[in-house]
Amino acid sequence: MPQRPSHSLIGTPFIELQTVDSTNNYALTQIHAGLALAGTAIFAHHQSAGRGQRGRPWSSENSKSLSLSLIINPAPLDTTRQFWLSACIAVTVCRLATKLTGHQFNIKWPNDLYWQDRKAGGILVESIVGPDPNGETRWKWAVAGIGLNINQSGFPGELTNAVSFFQVNGVELKIIDLAREICLEIDLALEKMKEEGFNRIYTEFNDLLYKKNQIVRLRKDSRTFEGLIKGVSHTGELIVEHGVEQHYAVGEIQLVLT
């Protein structure tokens, strides 16, 4: 593992909990109570009520899943660049999963981690936005929740497309050590993005995009249709071609997997 640079904040302090309803809830409670420190990582061995995108539950098995939330000061990013942060985290986690397992992982829009056609994890970034002393709207805090299937050998029958790192390569990992490594890698990636800008992360996100350049089934409201996934825009919208090219915001459209 590379040495932590002197500027690093992510993962300091590192809070280890045996059980919690949701690491994101714990982080948000700290923020609302005025107790949050930028860079704090909250790790739980068991998460009883994890949350995914659009309020969906996230199931985690005791001591076999990774449940981690990071309290991040998003400056110098502003509210128009929230996708930059989530993309940077998704790319970093995807890269690390590929390195650790020796198998290629991909990012299913907006920020699920997939191996082949099976879900290995997800990322949920929640933002606290409010006025600064001048009355200007400012992005004050971001909480990045990361949930990964690590050491499971199987899943309940209803989780038909779930997969763990162990199922991919047969190697068990020490989950708390992995959580600390994720903190370090995200810290390094965020610092690099602040120095270099978003172009490298944006290109890599699109290179890793699940089903890119493939025709897939999509659902918008009650309508299902086919379209070609062309990529993701700089603001995080999914670009789909179906007769004409259209951009869809998160929550507006859903990929239908059979």
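Not a single donor-acceptor pair under 3.5 Å links the side chain of Q214 to the backbone N or O of K211. N134 contributes no side-chain N or O that, together with a main-chain N or O of E136, makes up a donor-acceptor pair within less than 3.5 Å. Judged by distance alone, the side chain of R138 and the main-chain N or O of G130 form no donor-acceptor pair under 3.5 Å. Within the 3.5 Å criterion, the main-chain N or O of I123 finds a donor-acceptor partner in the side chain of N111. Checked by atom type and distance alone, the side chain of N106 never pairs as donor or acceptor with a backbone atom of L209 at under 3.5 Å. Of the possible polar contacts, one joining the N206 side chain to the V232 backbone as a donor-acceptor pair under 3.5 Å is found.
Taken from CG in L96 to CD1 in I182, the straight-line distance is 6.0 Å, to the nearest 0.5 Å. Taking OG1 of T235 as the reference point, atom CD of Q82 lies at 11.5 Å (rounded to 0.5 Å). Taking CG from N24 and CD from Q47, the interatomic distance works out to 7.5 Å, rounded to the nearest 0.5 Å. Considering CZ of F165 and CD1 of I175, their distance stands at 10.0 Å, rounded to 0.5 Å. Note: I15 CD1 to S69 OG = 10.5 Å, rounded to the nearest 0.5 Å. Distance OH/Y248 to CD/Q254: 14.0 Å, rounded to 0.5 Å.
Looking at heavy atoms from C-beta onward, I89 lies in side-chain contact with I72 at the 4.5 angstrom threshold. Within the 4.5 Å cutoff, no side-chain heavy atoms of W115 are placed close to those of N149. For the pair Q104/T98, a side-chain contact is recorded, criterion being any heavy-atom separation below 4.5 Å from C-beta on. The shortest distance between side-chain heavy atoms of I31 and K140 does not fall below 4.5 Å. Looking at L66 and L173, their side chains never come closer than 4.5 Å, going by heavy atoms from C-beta outward. The shortest side-chain heavy-atom distance between I146 and I186 falls under the 4.5 Å cut-off. Annotation: side chain of F105 is not in contact with side chain of V93 (no heavy-atom distance under 4.5 Å). L238 is listed as a side-chain neighbour of I229, based on a closest heavy-atom distance under 4.5 Å.
Taking every heavy atom of both residues into account, G227 and V240 meet most closely at CA-CG1, 3.9 Å. Listed here is the closest heavy atom pair of K119 and Y114: CB-CE1, 3.5 Å. Residues A97 and L113 come closest through the heavy atom pair CB-CD2, 4.0 Å. When all heavy atoms are compared, the tightest approach of L70 to A41 is CD2-CB, 3.7 Å. The two residues V171 and N151 come nearest to each other via the heavy atoms O-OD1, 4.3 Å. Across A27 and V143, no two heavy atoms sit closer than the pair CB-CG1, 3.7 Å.
For K174, the NZ atom counts as loosely surrounded, since its 6.0 Å shell holds 12 or fewer non-hydrogen atoms of other residues, nucleotides or ligands.
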Run R219 and T224 through side chain to side chain contact (heavy atoms under 4.5 Å, CB included) and show every step you take.
CA-CA 4 Å; R219 180 180 296 118; T224 301; 3.9 Å; yes
Do K220 and E252 pass the side chain to side chain contact (heavy atoms under 4.5 Å, CB included) test, and can you show the C-alpha distance, the side-chain angles, and the key distance before you say yes or no? CA-CA 6 Å; K220 178 174 168 50; E252 189 177 2; 3.4 Å; yes
- Task: Walk me through it: do W109 and I253 pass the test side chain to side chain contact (heavy atoms under 4.5 Å, CB included)?
- Result: CA-CA 10 Å; W109 181 81; I253 198 169; 3.6 Å; yes
Quiz item: Between I128 and H32, does a side chain to side chain contact (heavy atoms under 4.5 Å, CB included) hold up when you go through it step by step?
Solution: CA-CA 9 Å; I128 305 294; H32 291 307; 3.8 Å; yes
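Ring geometry for H45 versus F43: interplanar angle over 60°, hence perpendicular rather than tilted (30 to 60°). By the 30° and 60° cut-offs, the orientation of the rings of F198 relative to F83 is perpendicular.
V125 is connected to V250 through a chain of hydrophobic side-chain contacts under 4.5 Å among Ile, Leu, Val, Met, Phe, Trp and Tyr, so both are in one cluster. If you chain together hydrophobic residues whose side chains sit under 4.5 Å apart, F205 and V216 fall into the same group. There is no path of hydrophobic side-chain contacts, each under 4.5 Å, that joins F166 to L100. I239 and I215 end up in different hydrophobic clusters when Ile, Leu, Val, Met, Phe, Trp and Tyr side chains are linked at under 4.5 Å. Linking ILVMFWY residues whenever their side-chain heavy atoms come closer than 4.5 Å, directly or via other members, leaves I42 and L37 in distinct clusters.
A salt bridge between R95 and E185 is absent, with no side-chain N of the basic residue lying under 4.0 Å from a carboxylate O of the acidic one. The residues D117 and K108 are annotated as not salt-bridged, no charged nitrogen and carboxylate oxygen being separated by less than 4.0 angstrom.
Remark: R180 is positioned above the aromatic ring of F14, its terminal NZ or CZ atom under 6.0 angstrom from the ring centre and at most 45 degrees off the axis.
Scored by the salt bridge (Lys or Arg N to Asp or Glu O under 4.0 Å) test, E237 finds no partners at all (sequence neighbours excluded).
Applying the salt bridge (Lys or Arg N to Asp or Glu O under 4.0 Å) test to pairs two or more places apart or on separate chains, those with a residue in residues 222-236 are K230-E241, K230-E245.
For S65 and S67, the side-chain atoms include no donor-acceptor pair closer than 3.5 Å.
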